[in-house]
Amino acid sequence: MKPESLISPVLYWPSKRDRGGGLGRGDSLYQSARKEIFRTTGQMPRIVTTEPDIQDFFTKHPNAILYIPVFVESTGWWGGLLGADPSNCPCVTDKIILSADCQLMAIQIAAQKLPMSNQLFTAEIHPSSQFFKKMNSQIAMSIDMLATDTGTILGLFSGKNRKKFTQLVESTGNSYLGCIGWY
């Protein structure tokens, strides 16, 4: 099946936040998002209000740039990128800070992006001091964490070397879930 053509960039803008009040096209963050995307790409974004499945979206639109807002109170925005092949996967290629409460993540196919600076890694870890002491060794930095019902933590980390990060996680007896993108 031939991929569909799509005018890029695309902005996913939910009609409501995960928690709290609704957002609309009159919202100041929405207006800021459109202005910043235009400033960055030179084009006004196409708007979608239904949350796209990341893998399906890029299968259908491999050349698109998808902008997804991440609000302070939302969690797990990166979950749609878990387990992807980092050589040809949708990756976070840029982030635009709109306010203290919201930033836009630009996601596109890895092969189309600029050379990587930092990579985003995920791991399931036990909250032990051994792990966090090793994390302070300049291998990676904690970006976001989410506690699970089983007593482990799903963590999002930023670092430059996937192999060193994997070795660090495995040396502390934890599970490495995968590299999910770059910025």
Side-chain angles (χ1 to χ4, degrees), residues 11-14 16-20 23 29 33 51-59 65-183:
L11 171 62
Y12 160 61
W13 197 260
K16 293 186 178 184
R17 289 191 195 184
D18 292 340
R19 297 180 200 141
L23 295 175
L29 286 176
E51 185 172 1
D53 174 280
I54 300 291
Q55 297 299 331
D56 185 53
F57 177 86
F58 284 102
T59 298
I65 301 172
L66 176 63
Y67 289 87
I68 296 181
V70 179
F71 298 98
V72 168
E73 69 272 9
S74 64
T75 58
W77 63 267
W78 39 270
L81 303 179
L82 284 173
D85 175 6
S87 64
N88 191 28
C89 71
C91 301
V92 175
T93 58
D94 193 14
K95 58 183 179 177
I96 300 170
I97 298 173
L98 296 177
S99 73
D101 295 328
C102 180
Q103 54 187 316
L104 287 178
M105 296 294 167
I107 300 170
Q108 62 190 125
I109 297 293
Q112 299 170 352
K113 65 180 196 60
L114 299 172
M116 296 173 268
S117 56
N118 282 352
Q119 298 182 28
L120 296 176
F121 307 107
T122 56
E124 184 173 6
I125 58 173
H126 295 283
S128 67
S129 61
Q130 178 188 14
F131 181 84
F132 290 102
K133 284 179 186 174
K134 288 188 176 186
M135 286 308 297
N136 292 331
S137 65
Q138 303 299 326
I139 292 174
M141 181 177 80
S142 174
I143 302 295
D144 192 11
M145 292 194 179
L146 176 67
T148 68
D149 292 338
T150 62
T152 61
I153 293 174
L154 296 178
L156 177 65
F157 302 91
S158 172
K160 294 188 184 290
N161 189 314
R162 181 180 179 184
K163 185 176 180 180
K164 286 183 181 178
F165 180 79
T166 304
Q167 290 170 345
L168 169 74
V169 172
E170 291 174 350
S171 74
T172 59
N174 290 290
S175 302
Y176 175 62
L177 299 177
C179 175
I180 62 163
W182 297 273
Y183 69 91

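Because the structure is a prediction, the values reported are computed rather than measured.
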TODO: Begin with the C-alpha distance, continue with both residues' side-chain angles, and end with the deciding distance and a verdict on side-chain contact (heavy atoms from CB on, under 4.5 Å) for Phe157 and Ile139.
DONE: CA-CA 10 Å; Phe157 302 91; Ile139 292 174; over 6 Å; no
TODO: Tell me, please, which residues at least two apart from Ser175 pass side-chain contact (heavy atoms from CB on, under 4.5 Å).
DONE: Glu124
Task: Partner set under side-chain contact (heavy atoms from CB on, under 4.5 Å) for Leu98, not counting sequence neighbours - done: Leu29, Ser32, Ala33, Glu36, Ile96, Cys102, Leu104
- [ ] Please state whether the rings of Phe165 and Phe121 are parallel, tilted or perpendicular, taking 30° and 60° as the class boundaries.
- [x] parallel
Spacing of [X] atom [atom1] and [Y] atom [atom2] [to the nearest 0.5 Å]:
X     : Y      : atom1 : atom2 : result
Ile68 : Met105 : CD1   : CE    : 9.5 Å
Asp53 : Thr59  : CG    : OG1   : 8.0 Å
Leu66 : Phe58  : CG    : CZ    : 5.0 Å

Open item on the list: Under the side-chain contact (heavy atoms from CB on, under 4.5 Å) test against Ile125, which residue among Thr152, Leu154, Ile153 passes?
Closed with: Ile153
